[in-house]
Amino acid sequence: MADPERGERNAWYRKPPWRQMRDYIMERDNGMCGYCAMWDRVTPADMVDHIVPREFDRELELDEDNLIASCNWCHRQKTNWEQKYYGTGNGRKLRSDVIPITDVKLIKTIFKQA
């Protein structure tokens, strides 16, 4: 069975506005994981992550203050947390009773709890 949400998401990530912003963020963050940098680790980034998930707040999807270069490991940890906190992911219901975490420094606390 096709997942229309996944199809829309994948199409959005192929569009020029995202690709240009992604390139900008990777350059801004010197191609290094911003999450790892909080622990003074130097790790190449594999992607750009939405600090507040795009699925939760579309108004922030191209906001450079809501984007950070991320390695795969950090992205996976944060995604696991987001699914519990925000209710993101396939088949989950988005929660309306949570406050968006916009301060990337709070993510450090989140990773300690993951």
Side-chain angles (χ1 to χ4, degrees):
M1 185 152 116
D3 179 356
E5 182 181 307
R6 175 174 262 170
E8 181 276 330
R9 183 175 58 245
N10 290 341
W12 186 84
Y13 283 110
R14 288 189 297 269
K15 292 181 180 174
W18 169 251
R19 297 186 68 76
Q20 290 167 1
M21 181 58 77
R22 180 196 181 283
D23 291 345
Y24 168 75
I25 298 300
M26 289 295 274
E27 185 175 322
R28 180 197 72 187
D29 294 356
N30 298 311
M32 306 309 283
C33 178
Y35 298 125
C36 284
M38 291 187 286
W39 286 280
D40 298 320
R41 292 190 313 242
V42 179
T43 309
D46 301 298
M47 65 194 65
V48 170
D49 183 43
H50 289 90
I51 297 166
V52 174
R54 179 177 176 259
E55 184 179 349
F56 189 79
D57 189 345
R58 294 279 170 98
E59 290 182 21
L60 299 175
E61 65 188 10
L62 290 174
D63 182 337
E64 69 180 271
D65 294 329
N66 187 51
L67 298 168
I68 189 169
S70 177
C71 68
N72 283 324
W73 188 89
C74 287
H75 186 261
R76 181 78 251 151
Q77 298 305 309
K78 185 165 166 289
T79 297
N80 290 341
W81 172 79
E82 287 172 348
Q83 290 173 344
K84 294 173 194 163
Y85 184 78
Y86 291 108
T88 56
N90 295 334
R92 292 183 181 82
K93 184 175 190 250
L94 286 177
R95 296 181 58 188
S96 60
D97 63 337
V98 297
I99 298 168
I101 306 295
T102 58
D103 184 350
V104 74
K105 292 184 174 121
L106 292 177
I107 301 296
K108 189 172 184 177
T109 304
I110 291 163
F111 281 145
K112 285 182 182 177
Q113 297 171 356

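Sequence positions, counted from 1, serve as the residue numbers for this chain.
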* **Pair R54-L60, side chain to side chain contact (heavy atoms under 4.5 Å, CB included): steps then yes or no** => CA-CA 7 Å; R54 179 177 176 259; L60 299 175; over 6 Å; no
* Asked: Can you tell me how far CZ of F56 sits from CD1 of I51, rounded to the nearest 0.5 angstrom?
  -> 14.5 Å
* Asked: Is it true that a side-chain atom of D103 and a backbone atom of K105 form a donor plus acceptor pair closer than 3.5 Å?
  -> yes
* V48 with M32, same ILVMFWY side-chain cluster at under 4.5 Å -> no
* Which heavy atom in D29 sits nearest to a heavy atom in A69, and how many Å separate them? -> OD2-N, 2.9 Å
* C71 versus P44, closest heavy-atom pair with distance -> CB-O, 3.6 Å
* Please check if any side-chain donor atom of E55 sits under 3.5 Å from a side-chain acceptor atom of Y86, or the reverse. => no
* To do: List the steps and the verdict of side chain to side chain contact (heavy atoms under 4.5 Å, CB included) for Y85 and I99.
  => CA-CA 9 Å; Y85 184 78; I99 298 168; 4.2 Å; yes
* Please round to the nearest 0.5 Å and tell me the distance separating atom CD of E59 and atom CG of N66. => 11.5 Å
* S70 OG to M26 CE distance, which is reported to the nearest 0.5 Å -> 9.5 Å
* Identify the two heavy atoms, one from D46 and one from N72, that lie closest to each other, and give their separation to 0.1 Å. => OD2-N, 2.8 Å
* Over 60° means perpendicular and under 30° means parallel, so classify the ring planes of W12 and W18, tilted if in between. => tilted
* Same cluster or not: are W81 and L94 linked, directly or through other Ile, Leu, Val, Met, Phe, Trp or Tyr residues, by side-chain heavy atoms under 4.5 angstrom apart? -> yes
* To do: Provide the closest heavy-atom pair for T43 versus C36 in the form atom of the first, atom of the second, distance.
  => OG1-SG, 3.3 Å
* Closest heavy-atom pair and its distance - Q83, T88 -> CG-O, 3.3 Å
* **Nearest-0.5 Å distance, NZ of residue K78 to CD1 of residue I101** => 10.0 Å
* Are M47 and I68 in one and the same hydrophobic cluster, where Ile, Leu, Val, Met, Phe, Trp and Tyr link if side-chain heavy atoms are under 4.5 Å apart? -> no
* Residues N80 and R76: side-chain donor-acceptor under 3.5 angstrom -> yes
* To do: Carefully, step by step, assess Q20 and Y24 under the rule side chain to side chain contact (heavy atoms under 4.5 Å, CB included).
  => CA-CA 6 Å; Q20 290 167 1; Y24 168 75; over 6 Å; no
* **R19, CZ atom: more than 12 neighbouring heavy atoms under 6.0 Å** => no
* Asked: About how many Å separate CD1 of I25 and CG of L67, when rounded to the nearest 0.5 Å?
  -> 5.0 Å
* Asked: Which distance, rounded to the nearest 0.5 Å, do you find between the CG of D23 and the CZ of R28?
  -> 13.0 Å
